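Lettering follows sequence order; numbering is per chain, from 1. As the structure is a computational prediction, the values presented were derived from the model and not from experiment.
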2 protein chains.
Amino acid sequence: MAAQRDQGHNGDQPPAAVTDVSARDVPAARERARAIPEAAVARLAVYLRVLSGMAEEGVSTISSEELAAAAGVNSAKLRKDLSYVGSYGTRGVGYDVDVLISEIERILGLTRKHSVAVVGIGNLGHALANYGGFPSRGFPVAALFDVDSDLMGVPVGGIPVEHIDDIEAICREREVNIGVIATPPSVAQDVCDRLVSGGVQCILNFAPVVLGVPDHVEVRKVDLAVEMQILSFHVARRADEALAEVTVDGTRPGVGEAVVGR
Amino acid sequence: MAAQRDQGHNGDQPPAAVTDVSARDVPAARERARAIPEAAVARLAVYLRVLSGMAEEGVSTISSEELAAAAGVNSAKLRKDLSYVGSYGTRGVGYDVDVLISEIERILGLTRKHSVAVVGIGNLGHALANYGGFPSRGFPVAALFDVDSDLMGVPVGGIPVEHIDDIEAICREREVNIGVIATPPSVAQDVCDRLVSGGVQCILNFAPVVLGVPDHVEVRKVDLAVEMQILSFHVARRADEALAEVTVDGTRPGVGEAVVGR
DNA sequence: AGCCGCTTGTGAACGCAGGCACAAAGTCGT
DNA sequence: ACGACTTTGTGCCTGCGTTCACAAGCGGCT
């Protein structure tokens, strides 16, 4: 299973070999990409969004401290994250916003277009198909699929809905890279299999099921019920803590108070 | 005005002084709840969903091995996760499905109802308001809000939409615990502040902004663009690896092949 | 030109989560 | 009733991600 693609000496360490002059061309940067922790990748995407906002406001240079504050992270963590991308800062000054944007986009693979197919055009599918954030960020929606015959051919967000039986052929033809599953859980695995057959390499799954996929396919899951339950856990935890504090020292932390952040 | 204690922000919470045996009755279990790692909580929610499916199929007992397979995790990890909840298994046999469901629900705080308010009734807000998974899992939707005057009073999913100016009063009156932000990013912070003023303790944020909140408020973020970019990164990484292998040994891993999993 | 202060980049320590492997414990079969 | 088998619960270890702290590097000021 798996990812022994890490050729041999996997993660001992990011063994320095850092900003060497060994080879500064494309392969070097790509090789290093393998070592970026997933958590850092997620944050890089956030930095990118913040930086885009900065650029629009005409900011040309930013320090790690400022960027970290805007992104809601520790500045040391931010610098380490950026170091995975490369050394594009100027000591004593900060980072050039445009350069940083370009480099993060390169590392995240946003220089290529990634065609997206959305399967399941219910409420959520509609929302996703109309979501302006996809095409504007380099993720053109190439196809929509559903089983409902009433939807066939109906354009949603400018794209006609097609039948899920055609997923494989259409995805292959249009070179879809990313599949988004917004179907009921009962058909999610079937849809997933079709997407994989169609050559889709990455899947974003909104259905509350655990998908089985071959090793070379990447799946990310967004489960609203799970998110809610995590929040529920925190509500309960907070309530218990408050209770405990009442029991211990009689003071009650401000639960209902109107403390406004920001 | 920033978060009061420090700008460590909500993400990090060093549980520092983890409690011990101060009191061992009901509080004991609750106290322990604080020590459960966030990652484990997320998995517990998944186990709960799988177990519910099992119960419906009439399964009354399940081993850690089976449950782990169904949930897509390692069995050792599963047992460790369950050990945070307590010792409810029978050695040599496994776990009683119903007991496990009850205990996980208790730990996740699902024995109480958590009222939810959804703000921003656009495409996504519609999807969320109509999402059957919320009420059926103990998260009744208590209120919907938007700015669009055309929407005022219109029932969505059976609940009338109200104006965001009334967020604070209505949330307080209906004792809303959880706020869901599905607005454009420009108003997300304002909406967030109103929710917090209304006594909301937990927020699920779909807007692509970093929210500032007081320390006692928990925020979870779901950012579709970030998810897509993470997938993009993996697409790029895979392509590079394939390229590297071609360069090295001339073999090409099956990228376009139709390998059907599961 | 040289020094000073600021900010980056990173080595190193730390803490947490994950995985292994085994003892404890309970059941089933004889 | 007893032994063998099965499965849980957990101590320990490993590895990753985060944080700290500081040396290196660069610009600006005198």
Side-chain angles (χ1 to χ4, degrees), chain A residues 1-4 6 9-21 32 34-44 46-47 60-69 71-97 99-100 103, chain B residues 6-18 32 34-44 46-47 60-69 71-97 99-100 103 230:
Chain A
M1 285 77 250
Q4 51 206 165
D6 281 336
H9 64 288
N10 58 355
D12 311 347
Q13 221 182 356
V18 243
T19 27
D20 240 63
V21 281
R32 196 187 306 139
R34 214 186 31 186
I36 303 183
E38 181 102 356
V41 173
R43 287 190 298 268
L44 284 173
V46 174
Y47 305 154
S60 65
T61 298
I62 193 169
S63 73
S64 64
E65 210 70 51
E66 294 171 285
L67 183 52
V73 301
N74 184 304
S75 74
K77 194 191 290 185
L78 178 133
R79 285 200 301 276
K80 178 143 286 191
D81 289 343
L82 293 184
S83 78
Y84 293 126
V85 176
S87 295
Y88 300 104
T90 306
R91 292 166 193 237
V93 177
Y95 300 89
D96 182 285
V97 172
V99 170
L100 213 46
E103 294 302 328
Chain B
D6 59 10
Q7 62 275 37
H9 260 299
N10 61 345
D12 51 79
Q13 220 215 332
V18 177
R32 196 187 310 140
R34 220 174 30 168
I36 302 182
E38 182 101 357
V41 173
R43 286 191 297 269
L44 283 173
V46 175
Y47 305 153
S60 65
T61 298
I62 192 169
S63 73
S64 64
E65 211 70 51
E66 295 172 284
L67 183 52
V73 301
N74 184 305
S75 74
K77 194 192 294 186
L78 179 134
R79 286 199 300 276
K80 182 153 287 188
D81 288 343
L82 293 183
S83 78
Y84 292 126
V85 175
S87 294
Y88 300 103
T90 307
R91 293 169 192 235
V93 177
Y95 300 89
D96 183 285
V97 172
V99 170
L100 213 46
E103 294 302 328
I230 294 171

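Atom CG in A:Leu82 sits about 10 Å away from atom C1' in C:dT8, given to the nearest Å. Taking atom CD of A:Glu38 as the reference point, atom P of D:dG17 lies 9 Å away to the nearest angstrom. One atom, CD of A:Glu66, and another, P of C:dC6, lie 14 Å apart when rounded to the nearest Å. Atom-to-atom, OH of A:Tyr84 to C1' of C:dT8 comes out at 16 Å; the value is rounded to the nearest Å. Going from atom CG of A:Leu67 over to atom P of C:dG9 covers 12 Å, rounded to whole Å. Between the CD atom of B:Glu103 and the P atom of D:dT8 there is a distance of 17 Å, rounded to whole Å. When rounded to the nearest whole Å, the span between CG of B:Leu78 and C1' of C:dA17 equals 15 Å. A straight line from OH of A:Tyr88 to C1' of D:dG25 spans 18 Å, rounded to a whole angstrom.
For the pair B:Ser64 and D:dT8, the criterion of a side-chain N or O lying under 4.0 Å from OP1 or OP2 is met.
Taking five base pairs at each end of the helix from C:dA1-D:dT30 to C:dT30-D:dA1 and finding the rotation axis that steps the C1' atoms of four pairs onto the next four gives two axes whose angle is 0°, to the nearest 10°.
The side chain of A:Ser63 lies closest to C:dT8 when the candidates are C:dT8, C:dT10, D:dG9.
Atom CG of residue A:Leu100 and atom OH of residue A:Tyr47 lie 10.5 Å apart, to the nearest 0.5 angstrom.
With sequence neighbours left out, B:Glu103 forms a side-chain contact (heavy atoms from CB on, under 4.5 Å) with B:Val85, B:Tyr88, B:Val99, B:Arg106. Remark: B:Ala40 engages B:Ile36, B:Pro37, B:Arg43, B:Asp81, B:Tyr84 in a side-chain contact (heavy atoms from CB on, under 4.5 Å) (not counting sequence neighbours). In this structure, the side-chain contact (heavy atoms from CB on, under 4.5 Å) partners of B:Ser75, at least two apart in sequence or on a different chain, are B:Ser64, B:Glu65, B:Ala68, B:Arg79.
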> When you look at A:Thr61 and A:Val97, which way does the side-chain contact (heavy atoms from CB on, under 4.5 Å) test go after all the steps?
Replying inline: CA-CA 5 Å; A:Thr61 298; A:Val97 172; 5.7 Å; no
Polar-atom pairs under 3.5 Å, protein N or O versus N or O of nucleotides 18-26 of chain C: list them with distances, or write none.
residue, atom, partner, partner atom, Å
C:dG18, OP1, B:Arg43, NH1, 2.8
C:dG18, OP2, B:Arg43, NH2, 2.9
C:dG19, OP2, B:Lys77, NZ, 3.3
C:dG19, O6, B:Lys80, NZ, 2.5
C:dA21, N6, B:Arg79, NH2, 3.4
C:dA24, N3, B:Arg91, NH1, 2.6
C:dA25, O4', B:Arg91, NE, 3.4

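Within the 4.5 Å cutoff, the side chain of A:Leu67 has no heavy atoms near those of the A:Val73 side chain. Between B:Leu78 and B:Leu82, some side-chain heavy-atom pair lies under the 4.5 Å cut-off.
The backbone N or O of A:Glu66 sits less than 3.5 Å from a side-chain atom of A:Ser63, completing a donor-acceptor pair.
The salt bridge (charged side-chain N to carboxylate O under 4.0 Å, His left out) contacts involving residues 84-96 of chain B comprise nothing, where partners must be two or more places apart or lie in separate chains.
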